[in-house]
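Each remark here refers to the structure printed beneath this line.
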Amino acid sequence: MSKGLPKRSEDYSLWYNELVKKADLAENSAVRGCMVIKPYGYSIWEKMQAELDRMFKETGHTNAYFPLFIPKSYLSKEASHVEGFAKECAVVTHYRLKNSEDGSEVIVDPDAKLEEELIVRPTSETVIWSTYKNWIQSYRDLPLLVNQWANVVRWEMRTRLFLRTAEFLWQEGHTAHATKQEAIEETVQMMHVYATFAEQFMALPVVKGVKTENERFAGAEDTYCIEAMMQDGKALQAGTSHFLGQNFAKAFDVKFATKEGKLDFVWGTSWGVSTRLMGALIMAHSDDNGLVLPPKLAPIQVVIVPIYKGEEQLDAISEKAKELMAALRAKGISVKFDNRDTHKPGFKFAEYELKGVPVRIAIGPKDLENNSVEIARRDLLSKQTVSLADVEIGTFVEELLAEIQDSIYQKAKTFQTEHITEVNSWEEFQEVLEKKGGFLSAHWDGTGETEEKIKTLTKATIRCIPLDAKEEAGTCILTGQPSARRVLFAKAY
RNA sequence: CGGGGUGUAGCGUAGCCCGGUUAUCGCGCCACAUUUGGGAUGUGGAGGUCGCAAGUUCGAAUCUUGCCACCCCGACCA
């Protein structure tokens, strides 16, 4: 491991790229645009998955798995959907390889051409709705509440680790309902689930809102989203939940018999979050020393570093460390004792800071003498000496972790609040966007043309129409046309 | 996919313009010793198809062409 990380203030995106690699989260792979998620990074993703999965089950959903490949004809059944994804689909055309004439390489066997080409899923609405057609006959089969954990492929031109890769991991929920009302409620519910997860587990404050027509999911009637703010003031869409109306039901002919005996198309939703959340987590909290992880998602919550001279001291410290570990584990805290003799304590301190371990406990000869330990917290980089006679260590650390979780959230919340700026003129809009960044709360005339024009002029897009936007008469920032509420603009990832 | 840049050991680099001994330095790695409360020190050692391919040449890391990968800026996107 090499020393030092670029400074956020000097080059934010370089800082991000280096941090992802140096903290052992992910690296680029031999395949263009695809990443290798390394064990430490994957551990964090697993913790996210576990909690999200629990929340999905709690709201009545069940997991299933649908195929990676989608027949080409399926994709074209929903017009706007295919239009949205066509440009970034990987296509499978053959099913066999063979040795070349001279035997020097393997080539695609031209005789093994597929009759119908297969698309590697960019999302699974089409396969799933073609299946739902067979699963749904009556109102008694509804609602159908299914989620799948899967990988998807979107052939991106420019990729960045976690934020945009050609292949990524995600979950996609796909539900079918008897009424429009119920489907909308489901859509909104899942947005709230995402927001709760982001705030309580990722310590990431988000704005809940609705997308404008331009930013909406291809094939949806409405897209709800949670938007997070990164430390450079840019927005990152952290999760989306779509009300699909009857679009996919109509495209795949999914009808059900109502209580009254009539046939009707079902109402659909879909919702997803991806490994992009990893990017959000990294960019929201980390500093120039490395990763800062919220305790609830940290693979290692506490690391114990011994400081010693000679084997005798190490043995004595190890005894103490084992007692501590037992006490911490009894509280469900994940703890690692780093007794490697190959690195000095200072090296270990820096390493665990880089990796974002929330709490570090150092035990040295002085501590043995005084029956104390030194406890350091990653988020504030502060240290304190704690007497083990005065506190029950398990409880102490448990409370400290909770405090860190809260403190990280509050810090991000304060940053977010300070960087949502109300602007009332075009000059002000440009100036704030340029000099301060963050989200701009401004009036907009509601047309796609104006939105498009603002994007061309400033690179800022409408991130969402916040759910809590209050009715407020105003005039559009660009055109001066009347507007009923403010929307949030920002430059986005 | 357009414009710009970079590619030399695991990582970061010098050398390239002006072709010519055994390709430079730092970190990391291995061994031993001394060290251990914030990224240790010394001594010795290992590690290279100079991104890939073709060409020019007596001779290519260095010149030419093509390709590939990555980074930055655009268009597209979760």
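Below, chain A is the first sequence line, B the second, and so on; all start at residue 1.
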Review point. Parallel under 30°, tilted from 30 to 60°, perpendicular over 60°: which one fits the rings of A:F243 and A:W267?
Key: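 Rings of A:F243 and A:W267: parallel, as their planes differ by under 30°.
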Exercise for review: Could you check whether the rings of A:H242 and A:F217 sit parallel, tilted or perpendicular, using 30° and 60° as the cut-offs?
Suggested key: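 If you compare the ring of A:H242 with that of A:F217, the planes turn out parallel.
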Find the distance [X]:[atom1] to [N]:[atom2] and express it as a whole number of Å.
X: A:Y308; N: B:U36; atom1: OH; atom2: P; value: 11 Å
X: A:E27; N: B:G10; atom1: CD; atom2: C1'; value: 11 Å
X: A:D341; N: B:U34; atom1: CG; atom2: C1'; value: 13 Å
X: A:K348; N: B:G39; atom1: NZ; atom2: C1'; value: 13 Å
X: A:Q313; N: B:G37; atom1: CD; atom2: C1'; value: 11 Å
X: A:H343; N: B:G28; atom1: NE2; atom2: P; value: 10 Å
X: A:R360; N: B:G39; atom1: CZ; atom2: P; value: 12 Å
X: A:L161; N: B:C70; atom1: CG; atom2: C1'; value: 11 Å

Check your understanding: Going by distance alone, is a donor N or O of one side chain under 3.5 Å from an acceptor N or O of the other, for A:D232 and A:Y493?
Key ->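 A:D232 vs A:Y493: donor-acceptor pair found between side chains.
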Exercise for review: Evaluate the salt bridge (Lys or Arg N to Asp or Glu O under 4.0 Å) criterion for residues A:E353 and A:K348: first the C-alpha distance (whole Å), next the side-chain angles of each, then the deciding distance (0.1 Å), finally the verdict.
Suggested key: CA-CA 8 Å; A:E353 271 161 23; A:K348 295 178 184 176; over 6 Å; no
Pairwise [atom1] distance, [M] and [N] [rounded to whole Å]:
N: B:A54; M: B:U62; atom1: P; result: 14 Å
N: B:G45; M: B:G26; atom1: P; result: 14 Å
N: B:G5; M: B:G66; atom1: P; result: 15 Å
N: B:G47; M: B:U22; atom1: C1'; result: 16 Å
N: B:U8; M: B:U43; atom1: P; result: 29 Å
N: B:A23; M: B:G51; atom1: P; result: 15 Å
N: B:G38; M: B:A33; atom1: C1'; result: 24 Å
N: B:C68; M: B:A61; atom1: P; result: 24 Å

Check your understanding: side-chain hydrogen bond (donor to acceptor under 3.5 Å, both in side chains) between A:H61 and A:E186: does it pass, once the steps are laid out?
Key -> CA-CA 11 Å; A:H61 304 86; A:E186 165 79 3; 2.7 Å; yes
Taking pairing as Watson-Crick or G-U wobble with both contacts under 3.5 Å, can you name the mate of [N], or confirm there isn't one?
N: B:G37; result: none
N: B:G7; result: B:C68
N: B:U57; result: none
N: B:C50; result: none
N: B:C29; result: B:G45
N: B:C18; result: none
N: B:A23; result: none
N: B:G2; result: B:C73

Under 4.0 Å between any heavy atoms, over every strand shown, what does [X] touch: base, sugar-phosphate, or nothing? Just pick one.
X: A:P306; result: nothing
X: A:G279; result: nothing
X: A:E374; result: base
X: A:R340; result: nothing

Check your understanding: Below 4.0 angstrom from OP1 or OP2 of B:C11, is there any side-chain N or O of A:K22?
Key ->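 So the side chain of A:K22 is outside the cut-off, no N or O lying under 4.0 Å from OP1 or OP2 of B:C11.
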Exercise for review: Go through the steps to decide whether A:V207 and A:I226 satisfy the test side-chain contact (heavy atoms from CB on, under 4.5 Å), and finish with yes or no.
Suggested key: CA-CA 5 Å; A:V207 176; A:I226 55 170; over 6 Å; no
Exercise for review: Heavy atoms under 4.0 Å is the rule here; annotate nucleotides 72-78 of chain B 5' to 3' with B where the base is hit, S where only the sugar-phosphate is, and - elsewhere.
Suggested key: SBBBBBB
Point to revise | Working for side-chain contact (heavy atoms from CB on, under 4.5 Å), residues A:R377 and A:R360 | key: CA-CA 6 Å; A:R377 54 190 279 188; A:R360 181 186 72 228; over 6 Å; no
Check your understanding: Taking the side chain of A:K366 as heavy atoms from C-beta outward, which of B:C70, B:G37, B:G38 is closest to it?
Key ->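 Nearest listed nucleotide: B:G37.
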Review point. Any idea which heavy atoms bring A:F168 and A:S274 closest together, and the distance?
Key: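 Closest heavy-atom pair between A:F168 and A:S274: CD1-CB, 3.6 Å.
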Practice item. Could you tell me whether A:K413 sits above the aromatic face of A:Y409, with NZ or CZ closer than 6.0 angstrom to the six-membered ring centre and within 45 degrees of the axis? Key: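 A:K413 over A:Y409 ring: no.
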Check your understanding: Checking only heavy atoms, does the side chain of A:E353 share a donor-acceptor pair with the base of B:G38 at less than 3.5 Å?
Key ->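 Check passes, donor-acceptor contact within cut-off.
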Review point. Would you say the base of B:G37 and the side-chain of A:K309 have a donor-acceptor pair closer than 3.5 Å?
Key: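 Answer no: no donor N or O sits under 3.5 Å from an acceptor.
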Check your understanding: Is it true that A:E27 and A:K21 make a salt bridge, defined as a side-chain N closer than 4.0 Å to a carboxylate O?
Key ->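 Between A:K21 and A:E27 there is no salt bridge, as every charged N stays at least 4.0 Å from the carboxylate O atoms.
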Point to revise | First encountered from the 5' end of RNA chain B, between A:E18 and A:F349 | key: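 Result of the comparison: A:E18.
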